[in-house]
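These notes are about the structure you will find just below.
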Number of protein chains: 2
Amino acid sequence: MHVRTLCLGILSFCDKSGYDIRKLAADGNFSHFCEASYGSIYPALAQLTEEDLVTFEVVALDGKPPRKVYSITQAGREALFETLQIPPGPDRFKSEFLFYSLFADKLPSNEFRKLLIRKISETKEKLSGLRHAGEVCDHGPSSFALGYGIAMNEAVLEYLEGFLVKFDSHQGDGFFDQKNSDLNQTELSDAR
Amino acid sequence: MHVRTLCLGILSFCDKSGYDIRKLAADGNFSHFCEASYGSIYPALAQLTEEDLVTFEVVALDGKPPRKVYSITQAGREALFETLQIPPGPDRFKSEFLFYSLFADKLPSNEFRKLLIRKISETKEKLSGLRHAGEVCDHGPSSFALGYGIAMNEAVLEYLEGFLVKFDSHQGDGFFDQKNSDLNQTELSDAR
DNA sequence: CAAAAATATATCAAACCGATATATGCTTAA
DNA sequence: TTAAGCATATATCGGTTTGATATATTTTTG
């Protein structure tokens, strides 16, 4: 999905500035399934303006820097719902933490434990943010999306906490030591 | 994390061609937490070769096109473990499905139900792939990463199936109809 | 037997991220 | 108090990545 579409989608709910859109995608109610940076949002809004899919009004507040508040046009709504006809692509999940964990047995065992602890507390934070948003929200579809994120993060938290217990019960005896140390080939080659 | 690091990481386990690396990241045991396309992998391998972090050997098999099989060097291993000193960034999750679902109440109700059904079957497929990989795998860290993916996808499946039941028990009466139809502002503006 | 899919390398435009520049007001701690 | 840091706000730019495409051969499938 293009950032164009994300902008149209957000603006279909209410008027927003580029700054606001970025906040929603980075910290707000969209952040658990979307991402977009200034470097893609501002050009996208400029392009959408040229195509008359959005318009903007400069709002100069006393004090604060002036805002460009964007609104979606009728043509914009049509373009959005046209895009929604195309079936959505698959979910995408990227985890640097899991990549790092692949080398858990090559790191000092304390190092991996630290990563685990940190991940657990990050997950708890994420979870409490999502739960709070879920309590406040009374827009059905948004609640559905928040629930999805909560379910996912609860599962992750449970998994990590369970693992930590197992890990700690093997104090210092190399939890990850390979039973068969010569399977580097087989373990990776049989992919698909 | 850069594709460079992904390549070094995979090559630290065993020798691979660019094609193999891409398969691992797209369909294989890495695909549930990594992603990389040819357009980033081949340039990365070329760059790593120039820096003597990897070497390659051209293997011409009878029939099949020739392969460039890459191996990590000692300098490459050192560079990899140097990178692993930097704390990992946060997990990233992107879901076009969840974005689409935000407009569930603006689509014909059948449309959203179709998306749900499709997502459920995709999740089941993903899950059976991960479970199979988990059964075969006896590398501790990889099993940990697979378990993480399994836990996540199980939670998603449970959530979606539970939701489908609730959704179907409200046949045709507009499950997502807003109780308060004028809260487009509040629902989005209170982000963070 | 022909069509499609898999194997394999490689490149390119378009999209996107992350960092940075610029400017102002508000909050907070030495 | 006053400097530092943070939040608000727009915008651009270099470098990374994606997704599509080109090319060529073999294997599988209908």
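In what follows, every chain begins at residue 1, and chains take the letters A, B, ... in the order their sequences are listed.
Under 4.0 angstrom from either OP1 or OP2 of D/dA11 there lies at least one side-chain N or O belonging to A/K68. Residue A/Y38 has no polar side-chain atom (N or O) positioned under 4.0 Å from OP1 or OP2 of D/dA11. Checking the phosphate oxygens (OP1, OP2) of D/dT10, a side-chain nitrogen or oxygen of A/S17 falls inside 4.0 Å. Using a 4.0 Å cut-off, no side-chain N or O of A/Y42 falls inside it from OP1 or OP2 of D/dA11.
Contact detail for B/F93 and A/Y148: the closest heavy-atom pair is CZ-CE2, 3.8 Å.
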Does B/F112 form a ring pair (Phe, Tyr, Trp, His ring centres under 6.0 Å) with B/F167? I'd like the steps, not just the answer. CA-CA 10 Å; B/F112 177 64; B/F167 187 85; 5.7 Å; yes

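Closest to the side chain of B/P43, out of C/dC17, D/dA9, C/dT11, is C/dT11. Checking D/dA11, D/dA9, C/dC16 against the side-chain heavy atoms of A/V3 singles out C/dC16 as nearest. Residue B/E35 has its side chain nearest to D/dT18 when only C/dC16, D/dT18, C/dA10 are considered. The side chain of A/H2 lies closest to C/dA15, out of C/dC17, C/dA15, D/dT17. Comparing C/dA8, C/dA10, C/dC16 by their nearest atom to the side chain of A/S40 picks out C/dC16.
Exactly one of A/L157, A/N153, A/L160 qualifies for a side chain to side chain contact (heavy atoms under 4.5 Å, CB included) with A/K124. That residue is A/L157.
The separation between A/R4 atom CZ and C/dC16 atom C1' is 15 Å, rounded to whole Å. The distance between atom CD1 of B/I86 and atom P of C/dG18, rounded to the nearest whole Å, is 14 Å. Between B/L45 atom CG and C/dA10 atom C1' the separation is 12 Å, expressed in whole Å. Taking atom OH of residue A/Y70 and atom C1' of nucleotide D/dA9, one finds them 12 Å apart after rounding to whole Å. Taking atom NZ of B/K16 as the reference point, atom P of C/dT9 lies 12 Å away to the nearest angstrom. Between the NZ atom of B/K94 and the P atom of C/dA15 there is a distance of 14 Å, given to the nearest Å. Rounded to whole Å, atom P of C/dT9 lies 12 Å from atom CZ of B/R22. As rounded to whole Å, 15 Å separates atom P of C/dA15 from atom CG of A/L6.
Base pairing in DNA chain C yields stems of at least 3 consecutive Watson-Crick or G-U pairs, both distances under 3.5 Å, namely C:1-30 with D:1-30.
A/F13 and B/F103 have parallel rings, their planes meeting at less than 30° on a 0 to 90° scale where 60° marks the start of perpendicular. A tilted orientation is assigned to the rings of B/F144 and A/F163, their planes being inclined by 30° to 60°.
At the heavy-atom level, A/G18 lies under 4.0 Å from the strands shown only through sugar-phosphate atoms. Within 4.0 Å of A/A36, counting heavy atoms only, lie sugar-phosphate atoms of the nucleic acid but no base atom.
Salt-bridge annotation for A/K166 and A/E161: absent, with no side-chain N of the basic residue lying under 4.0 Å from a carboxylate O of the acidic one. Using a cut-off of 4.0 Å between Lys/Arg side-chain N and Asp/Glu carboxylate O, A/R67 and A/D20 are scored as salt-bridged.
Nearest-nucleotide positions on DNA chain C place A/Q47 closer to the 5' end than the other of A/Q47 and B/R92.
In this structure the side chain of B/N29 never reaches within 4.5 angstrom of the side chain of B/S142, judged on heavy atoms.
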